[in-house]
Amino acid sequence: MNWSFRRKDKDKPQWPVNEKGDPIAPAFLMHVGGKPMEMDMTLGLLEAYGIPHVAQYPNNGLFGKLILGSPPSGMEIFVPETMLEDAQNLLSADIITDDEELALEESED
């Protein structure tokens with residue numbers, strides 16, 4: 001059995017490149033408010049669906065994150081231009097619970 005440590009970054013999707021091998025330009029996806037759980041859930045959802053992202057903390061937010069644990073000014077998320085529409089659709093999707101899905105199926109019958 002092999003034991004080793006992995007860097008968390010290795011699990012993240014790699015930023016895509018174009019035909020020339022240059023990185024795809026980043027596109028602004030959204031600004032997430034200063035709630036840590038909301039930020040973590042948004043980034044986690046993008047990671048779960050294989051969408052690479054870059055998070056920036058405006059107005060010295062990184063310092064606030066270091067001192068307070070969360071940036072007071074929130075964070076801005078950027079994704080590759082080619083995946084912008086997929087990321088927007090993913091984050092704007094309505095979440096349907098199992099009970100709601102069952103009710104929808106029964107109403108269709």
Side-chain angles (χ1 to χ4, degrees):
M1 182 181 311
N2 266 344
W3 291 93
S4 64
F5 292 99
R6 287 189 310 186
R7 286 185 51 200
K8 187 177 179 182
D9 295 344
K10 286 188 176 185
D11 295 336
K12 287 186 177 181
Q14 296 296 315
W15 199 268
V17 294
N18 61 17
E19 307 83 38
K20 297 178 185 177
D22 298 325
I24 301 287
F28 178 75
L29 175 63
M30 67 184 302
H31 177 85
V32 181
K35 297 177 183 172
M37 186 173 188
E38 184 179 352
M39 291 183 217
D40 290 343
M41 287 178 59
T42 303
L43 295 179
L45 190 59
L46 292 172
E47 285 177 19
Y49 282 88
I51 299 176
H53 58 274
V54 173
Q56 290 186 342
Y57 304 97
N59 304 326
N60 293 327
L62 192 55
F63 180 71
K65 183 176 183 188
L66 177 68
I67 301 299
L68 303 172
S70 68
S73 58
M75 106 180 133
E76 295 177 346
I77 302 173
F78 295 85
V79 296
E81 284 180 337
T82 55
M83 298 182 165
L84 179 62
E85 187 176 349
D86 293 337
Q88 289 171 335
N89 291 338
L90 175 67
L91 295 175
S92 67
D94 291 331
I95 298 174
I96 298 176
T97 64
D98 291 337
D99 295 336
E100 292 171 338
E101 186 175 351
L102 184 60
L104 283 171
E105 290 174 2
E106 289 176 355
S107 67
E108 290 176 359
D109 292 337

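Source: prediction; values computed, not measured.
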The criterion is side chain to side chain contact (heavy atoms under 4.5 Å, CB included); which residues satisfy it with [X], sequence neighbours excluded?
X: Pro26; result: Trp15, Phe78
X: Glu85; result: Asn89
X: Asp40; result: none
X: Met30; result: Val32, Thr42, Ile77, Leu91

Practice task
Please say whether more than 12 non-hydrogen atoms of neighbouring residues, nucleotides or ligands are located less than 6.0 Å from OH in Tyr49.
Solution key: no

What's the shortest heavy-atom distance between [X] and [Y], and which atoms?
X: Ile51; Y: Leu90; result: CD1-CD2, 4.1 Å
X: Gly74; Y: Pro58; result: O-CD, 3.7 Å
X: Leu84; Y: Ala27; result: CD2-CB, 3.9 Å
X: Val79; Y: Pro52; result: CG1-O, 3.6 Å

Practice task
List the steps and the verdict of side chain to side chain contact (heavy atoms under 4.5 Å, CB included) for Leu46 and Leu29.
Solution key: CA-CA 11 Å; Leu46 292 172; Leu29 175 63; 4.0 Å; yes

Practice task
Give the cluster check for Met83 versus Leu45: same hydrophobic cluster or not, with ILVMFWY residues linked at side-chain heavy-atom distances below 4.5 Å.
Solution key: yes

Exercise for the section: State plainly whether one hydrophobic cluster holds both Val54 and Met75, where clusters connect Ile, Leu, Val, Met, Phe, Trp and Tyr through side-chain heavy atoms under 4.5 angstrom apart. Expected result: no

Exercise for the section: Give the other cluster members for Met41, using side-chain heavy-atom distances under 4.5 Å between Ile, Leu, Val, Met, Phe, Trp and Tyr residues; answer none if it is isolated. Expected result: Met37

Handout entry: Separation between CD of Gln56 and OG of Ser73, rounded to the nearest 0.5 Å
Key = 11.5 Å

